[in-house]
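Have a look at the structure below before the remarks.
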Amino acid sequence: MQKTVTSPLPPRDEAYNFAYLDEATKRMVRRALLKAVAVPGYQVPFGSREMPLARGWGTGGIQVTAAVIGPDDTLKVIDQGADDTTNAVSIRRFFARVAGVATTEATADATIIQTRHRIPEAPLEAGQILVYQVPQPEPLRKLESSEAETRKMHAWGDYGPMYVRLYEDIARFGHVATTYSYPVLVNGRYVMSPSPIPKFDNPKMHMSAALQLFGAGREKRIYAIPPWTEVKSLDFEDHPFEVQKWDEPCALCDAADSYLDEVITDDLGGRMFVCSDTHYCEGRRDAGHRGRLLGTDAGRALTRNEE
Amino acid sequence: MSNAALTPHSSLLSTHSPAPLLTADRVTRLYGDRIGCVDVSFSLWPGEVLGVVGESGSGKSTLLRCLSGLDRPTSGSVAFADPAGLIPDIFALDEQRRRGLMRTAWGIVHQNPRDGLRMAVSAGGNIGERLMDRGDRHYGSIREAALEWLARVEIDPARIDDRPSQFSGGMQQRLQIARVLVSGPRLVYMDEPTGGLDVSVQARLLDLLRALVRDLGLAAVIVTHDLAVARLLTDRLMVMRNGRVVEEGLTDQVLDDPQHAYTQLLTASVLAA
Amino acid sequence: MYVAVKGGEAAILATHDLVAEMRRGDPAIPELTTGQIREQMSLAVSRVMNEGSLADTDLAALALKQAQGDAIEAAFLMRAYRTTLPRLGSTVPLDTGAMAIRRRVSATYKDLPGGQVLGPTYDYTHRLFDFSLNGATGEQPATTLADTPLDTRMPRVPDILGAEGLMEPETPPEGDPRPFDLTRDPVEFPADRDVRLQALARGDEGFLLGLAYSVQRGFGGNHPFAGEIRLGEVPVELVPEELGFAVDIGDLTITECQMVNQFKGSKHVAPQFTRGYGLAFGHAERKAMSMSIVDRALKGRELGETAAYPAQQDEFVLYHSDNVEAAGFVEHLKLPHYVDFQGELELIRRLRRELDERIAREAAEAGVLAAVTQ
């Protein structure tokens with residue numbers, strides 16, 4: 001029952017330039033991207049354009065994707081790890097309309113993956129580009145509200161206050177109490193926000209074969225991690241960085257190595273845990289893995305539209 | 001100002017290394033038409049404690065801000081003998097280097113603890129910050145250093161996770177001192193360290209400061225309007241009025257045998273009070 | 001379910017149909033035309049042009065219709081459209097001194113050359129409902145032509161003060177460089193005046209009004225006098241490269257406000273008044289006045305004032321006055337965040353469990369101790 005997940009080419013809306021942005025704007029974005037790749041983790045200001053989608057809804061990621069996409073690319077868009085969340089659908093429709101490119105849900109088939117809040121579970125490969133939507137690019141913003149000051153702190157590698165924050169968490173809770181947007185040190189130089197991905201995904205950024213590009217439209221910043229770059233989550237030597245673990249595997253595909261979403265099944269405390277990466281989960285089920293609730297009413301409620 | 005005035009008393013020389021730690025050369029700070037301080041020159045040797053006295057508005061706090069790198073003088077220079085080599089003028093350095101020195105080579109104890117502490121951060125975090133600034137990444141040893149310094153400044157180590165806002169004024173001041181001293185600076189600037197404290201609390205703080213300066217071999221510049229504080233803590237004294245130094249010498253000498261009319265007035269007013 | 005499982009696309013399309021139905025309302029009521037909005041909702045049209053940064057009354061009317069009268073949504077439509085427009089050239093700076101005046105008032109002089117021209121204003125209306133507007137009256141409002149035309153010369157008040165040397169001069173920077181374009185280039189801080197004025201011109205009227213009010217109430221320290229407010233039409237001129245001389249390409253209705261502020265000076269510099277500047281498309285007095293007060297507050301850095309209040313801090317004002325950006329970010333909280341929320345759930349459960357375990361352990365140890373001492 002393998003579904004066709006790569007959609008045929010839709011007709012492109014000829015009223016707009018390919019991928020919506022005009023060519024001069026794309027060149028401007030590409031120049032910023034080149035600088036970002038050359039200085040991994042450094043936030044490059046760029047002339048972020050006003051887009052027909054709302055600020056905070058992925059306009060940075062959309063501009064980056066628009067600047068790098070070509071007619072032969074295959075695009076995957078995910079939000080919360082899922083291809084079928086509302087904003088992912090909306091952005092995928094946007095590019096299908098203005099670029100006429102093929103779209104897919106299959107991680108391995110995509111040449112460009114635009115994401116909000118997750119990194120796919122399947123390791124990315126050389127040649128793939130992961131485009132992150134970033135709401136707040138500045139990892140130091142919670143410590144220092146002035147942009148002029150945070151730029152100095154980056155320039156001077158003045159990251160002590162960031163560690164004070166981690167220290168405070170450990171002193172109070174015994175753990176670093178940051179579960180997403182967990183700051184990383186890129187290439188041993190710049191502290192960078194990985195965007196609000198769960199810290200579970202942080203290790204996937206390290207030495208990734210794929211090119212990782214970050215676009216913050218409202219804040220007008222672009223940054224990047226080139227392939228095969230060191231990415232280290234901030235920690236103390238005696239309190240090493242750890243990722244989330246769950247007590248049970250995915251209720252649909254039995255995966256024990258994926259990030260799980262909690263789904264409330266009734267108002268009596270009933271809940272189940274399922275993969276946040278919907279494509280990964282489907283792939284495992286197609287390969288014969290069966291979770292505890294697959295085939296039950298609760299499981300069917302989550303899978304009915306796949307059939 | 002004569003050369004003799006720039007040299008400490010010969011009896012102190014034996015404990016001094018040959019080069020001064022800090023040399024101010026004609027430091028002047030003007031605010032538009034208003035005078036902050038004018039043509040202040042002196043040298044400070046390692047391990048020496050210099051007091052700056054004068055009434056409010058005399059320019060002593062302005063001088064301290066210039067010496068410590070917080071405020072750029074309108075003219076003049078501040079030289080500092082860094083272990084890595086002499087820095088002829090700390091204001092000729094770029095901001096990054098100067099900020100680095102302000103965190104490691106010297107420290108500032110502010111009159112108001114709110115200016116020197118992070119009030120939303122625990123006592124341990126406050127003390128550990130300078131260590132983390134310089135790259136310490138071992139939670140356990142940062143915490144150990146914090147516990148040790150809390151004990152040294154006579155704060156119950158069990159209060160390591162409390163915030164400064166839960167501390168009394170005297171404890172906040174001692175916490176500020178621990179936060180500054182943890183990174184082992186050679187020089188400390190203090191602006192009215194006992195200001196706003198009760199007399200009994202002041203006495204305890206003065207004892208502590210005296211012991212720390214003696215045990216650590218610290219050099220210090222202490223700004224105060226309180227001549228009793230000056231007598232207890234300082235080796236040498238500068239008296240300021242209207243932004244200028246009017247008298248300078250060994251502390252006991254200046255206080256017991258004041259030469260300048262203004263100093264005589266100052267010492268007399270203390271005696272009268 | 002919140003997450004559209006594979007039916008997401010159909011559900012999204014259905015929201016478009018539903019919003020179209022809502023927009024139309026009761027089909028028994030005649031549909032609004034954009035012409036009606038342009039002519040009869042002209043103050044709303046002005047606001048949308050200002051915050052949408054595009055002077056086009058027809059498009060602003062269409063935006064208001066499409067957005068069901070939501071000014072921010074309408075400004076968003078204008079912005080998204082304007083960003084795709086090619087740049088044909090730059091006009092010659094507008095000469096507001098040559099304005100065909102419809103309204104001109106000054107609070108600093110009882111009378112002045114050209115006089116006070118009240119023009120169309122709600123200032124002296126009593127805010128009592130005119131119930132006759134409930135129905136279409138079909139009547140023409142009765143206005144009569146004045147006996148004498150307005151003076152052709154209407155000097156701007158700050159220019160009058162400037163001629164006496166009492167007003168800080170406003171001269172273009174060295175070489176009169178092309179102004180910054182914040183729709184094309186990222187803003188850096190501290191921001192220069194051209195950047196600040198652009199941001200204020202497109203800033204949210206309500207936000208700027210609140211900031212201006214804060215300056216007046218005591219969070220700013222400047223006491224402004226409304227030097228002059230003028231409304232009218234100014235010619236727009238362009239110099240085509242191939243011609244080399246200015247060509248009139250039409251008129252623009254604008255509102256200009258210049259606030260006169262308390263003087264500055266020192267022992268060596270003779271005291272002068274300072275000013276704040278506001279300019280808006282269409283009739284938008286509240287916007288132009290707020291803008292000029294905030295502009296003056298932001299000039300504090302150049303004038304050596306300490307930035308102690310929100311209205312004096314360029315980062316604070318510029319980052320937060322853009323309502324299209326602000327609305328986007330506040331409203332993005334509607335998007336699913338369940339992945340991050342799951343992370344928080346996992347952590348808070350773990351921390352609570354660890355605390356319970358510690359309390360239980362300590363209680364057990366205390367129990368053992370108690371048993372031993374007995």
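Naming: A, B, ... by sequence-line order, numbering from 1 per chain. Hydrogens, waters and symmetry mates play no part in the numbers below; they use all other heavy atoms, side chains included.
Taking both residues in full, the closest heavy atoms of A/Gly160 and B/Asp133 are given as CA-OD1, 3.2 Å, listed atom of the first, atom of the second, then distance. Scanning all heavy atoms of the two residues, the minimum distance from B/Asp161 to A/Ala171 falls at OD1-CB, 3.6 Å.
Separation of atoms OH (A/Tyr167) and CD1 (B/Ile127) is listed at 8.0 Å; rounding is to 0.5 Å. Atom CD of A/Glu168 is separated from atom CG of B/Asn126 by 7.5 Å, given to the nearest 0.5 angstrom. The CE atom of B/Met132 sits 10.5 Å away from atom OH of A/Tyr163, with the distance rounded to the nearest 0.5 Å. Atom CD of residue A/Glu237 and atom NE2 of residue B/His138 lie 6.0 Å apart, to the nearest 0.5 angstrom.
For B/Arg103, the part lying near chain A is the side chain, with the backbone staying farther off; criterion is any non-hydrogen pair under 4.5 Å. Using a 4.5 Å cut-off between heavy atoms, B/Arg97 makes no contact with chain A at all. Contact of A/Arg165 with chain B is not made at all, since no heavy-atom distance falls under 4.5 Å. For B/Arg134, no part lies under 4.5 angstrom from a heavy atom of chain A.
Within a 6.0 Å radius of CD in B/Glu95, more than 12 heavy atoms belonging to other residues, nucleotides or ligands are found. Around atom CD of A/Glu262, more than 12 heavy atoms belonging to other residues, nucleotides or ligands sit under 6.0 Å away. More than 12 heavy atoms of other shown residues, nucleotides or ligands fall within 6.0 angstrom of atom CZ in A/Arg141. In this structure, A/Lys152 places its NZ atom where more than 12 heavy-atom neighbours from other residues, nucleotides or ligands lie under 6.0 Å away.
Ring geometry for B/Tyr139 against A/His239 counts as perpendicular: the plane angle is over 60°, on a 0 to 90° scale with 30° as the lower cut.
Residues of residues 141-160 of chain B lying under 4.5 angstrom from chain A, judged on non-hydrogen atoms, are B/Ile142, B/Arg143, B/Ile160 in numerical order. When the heavy atoms of residues 71-86 of chain B are compared with those of chain A, none of the residues falls under 4.5 Å.
Across A/Leu166, A/Asp235, A/Val164, the residue that shares the most heavy-atom pairs under 4.5 angstrom with chain B is A/Val164.
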